[in-house]
Enquirer: 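The structure is given below, and queries will be raised subsequently.
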Amino acid sequence: MGENFPYHVAIIMDGNGRWAKQQGKNRTYGHYIGSNVVDRIVEAAIDEGVRYLTLYTFSTENWKRPKSEIRFLMVLLKKQLVKKRDLFLKKNVRFGVIGEIDSFDEQIRENIEGLIEATQNNTGLRVNLALNYGGRYEIVRAARQIAEEVKRGDIDPNQIDEGLFARYLYAHDIPDVDLLIRTGGEKRVSNFLLWQISYAEFVFVDKYWPEFTRDDLRAAIEEFKRRKRRFGGL
Ligand code: IPE
Ligand code: IPE
Ligand code: MG
């Protein structure tokens with residue numbers, strides 16, 4: 001596949017609510033359809049040769065939404081964690097999570113752990129869901145853990161470099177993002193993967209997430225391949 005390929009694709013799956021409104025439905029209907037779109041994009045990512053897929057599913061800021069929408073999202077998440085099991089096993093997907101899952105109820109946490117365990121020996125695509133995830137918090141959390149180790153005398157401050165710091169992030173065994181896709185038309189990062197996107201290529205798609213197709217993923221990858229990444233060099 002060569003060097004110019006996005007091994008790590010991260011997606012901000014935005015626009016569920018606006019899509020549903022456009023259909024004359026409640027926002028929650030958009031979340032439901034959006035959760036099924038994840039299946040076809042996982043399959044497409046595998047077919048394209050992507051190795052890591054990180055999906056922004058619920059941000060630390062999303063708690064600001066109305067209680068009723070949050071309640072729906074939690075029920076949906078609980079069900080999807082069970083429903084995705086067959087697909088992930090069939091497709092050799094290894095599942096993971098980034099974010100503070102302590103804030104979720106016990107059933108969701110059990111379903112998360114169950115899916116991680118069921119897929120832990122799979123060797124194909126790694127799918128990471130960002131759940132109660134915030135990029136700034138991830139960095140603060142790492143700083144706090146490193147500070148604790150310094151206090152204990154296990155780390156000398158002079159040892160702290162980018163490599164060491166990155167080992168304290170949620171997914172320390174996953175490489176930086178190559179390609180960041182955002183659906184829904186907004187052109188912003190919304191606190192997603194701040195550390196890991198420092199040299200990512202951005203593709204903004206003017207479609208709502210429920211409308212996103214395999215061809216859209218393929219087009220984003222083709223766009224990526226046409227870009228010239230310089231990483232500050234020439
Ligand atoms: C993304 O869709 C899903 C979540 C943030 C949970 P939105 O719910 O943000 O949909 P829009 O952007 O309001 O249309
Ligand atoms: C980002 O979308 C979060 C997820 C897709 C989970 P938002 O809809 O929360 O982002 P803003 O509010 O438009 O920045
Ligand atoms: Mg949104």
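Numbering of residues begins at 1 and proceeds along the displayed sequence. Both counts, for ligands and for their atoms, begin at 1 and track the order of listing.
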Enquirer: Which donor-acceptor pairs under 3.5 Å do the side chains of residues 39-46 make with protein atoms, sequence neighbours left out?
Expert:
{"unit_1": "D39", "atom_1": "OD1", "unit_2": "K84", "atom_2": "NZ", "d": "2.6"}
{"unit_1": "R40", "atom_1": "NE", "unit_2": "F212", "atom_2": "O", "d": "3.1"}
{"unit_1": "R40", "atom_1": "NH2", "unit_2": "F212", "atom_2": "O", "d": "2.4"}

Enquirer: Do D216 and T213 meet the criterion of a side-chain donor-acceptor pair at a distance under 3.5 Å?
Expert: yes
Enquirer: Starting at CZ of F204, measure out to CD1 of I12 and round the result to the nearest 0.5 Å.
Expert: 7.0 Å
Enquirer: Which atoms of ligand 2 sit under 4.0 Å from any heavy atom of S190?
Expert: 10 (O), 11 (P), 14 (O)
Enquirer: Hey, is ligand 1 close enough to W19 that some N/O pair sits below 3.5 Å?
Expert: no
Enquirer: Can you tell me if N132 and S103 form a side-chain donor-acceptor pair at under 3.5 Å?
Expert: yes
Enquirer: With side chain to side chain contact (heavy atoms under 4.5 Å, CB included) as the test, would you mind laying out the steps for Y7 and V50 before giving the verdict?
Expert: CA-CA 5 Å; Y7 292 104; V50 171; over 6 Å; no
Enquirer: Is it the case that the side chains of E69 and H31 hold a donor-acceptor pair, with the cut-off being a distance below 3.5 Å and no angle test?
Expert: yes
Enquirer: Starting from atom 8 (O) of ligand 1, which protein heavy atom do you reach first, and at what distance in Å?
Expert: R65 NH1, 2.7 Å
Enquirer: Charged N to carboxylate O under 4.0 angstrom, E222 versus R226?
Expert: no
Enquirer: For R152, is the CZ atom crowded, meaning more than 12 foreign heavy atoms sit under 6.0 Å from it?
Expert: yes
Enquirer: Return the closest protein heavy atom for atom 11 (P) of ligand 1 as residue, atom name and distance.
Expert: R18 NE, 3.5 Å
Enquirer: Measure the distance from atom 3 (C) of ligand 1 to every protein heavy atom, then report the residue, atom name and distance (to 0.1 Å) of the closest one.
Expert: N16 ND2, 3.6 Å
Enquirer: With 2.8 Å as the threshold, which protein atoms of type N, O or S lie near the Mg ion (ligand 3)? Leave waters out.
Expert: D14 OD1
Enquirer: Among protein heavy atoms, which sits nearest to atom 10 (O) of ligand 1, and what does the distance come to when rounded to 0.1 Å?
Expert: G17 N, 3.0 Å
Enquirer: Tell me which part of F58 gets within contact of ligand 2: side chain, backbone, both or neither, using heavy atoms under 4.0 Å.
Expert: backbone
Enquirer: N62 versus ligand 2: do any nitrogen or oxygen atoms come within less than 3.5 Å of each other?
Expert: yes
Enquirer: Output yes when the distance from some N or O of ligand 2 to some N or O of D14 is under 3.5 Å, and no in every other case.
Expert: yes
Enquirer: I need the nearest protein heavy-atom contact for atom 13 (O) of ligand 1: residue, atom name and distance, please.
Expert: R27 NH1, 2.9 Å
Enquirer: What residue and heavy atom of the protein are closest to atom 12 (O) of ligand 2, and at what distance?
Expert: R188 NH2, 4.5 Å
Enquirer: For E61 and Y133, does a side-chain donor sit closer than 3.5 Å to a side-chain acceptor?
Expert: no
Enquirer: Please determine if R109 and D102 form a salt bridge, counting it only when a charged side-chain N lies under 4.0 Å from a carboxylate O.
Expert: no
Enquirer: Select one of side chain, backbone, both or neither to describe which atoms of M13 lie under 4.0 Å from any atom of ligand 1, heavy atoms only.
Expert: backbone
Enquirer: Considering only NZ, NE, NH1 and NH2 on the basic side and carboxylate oxygens on the acidic side, decide whether E149 and R144 come within less than 4.0 Å.
Expert: no
Enquirer: Would T57 count as a polar contact of ligand 1, with the cut-off being nitrogen or oxygen pairs under 3.5 Å?
Expert: no
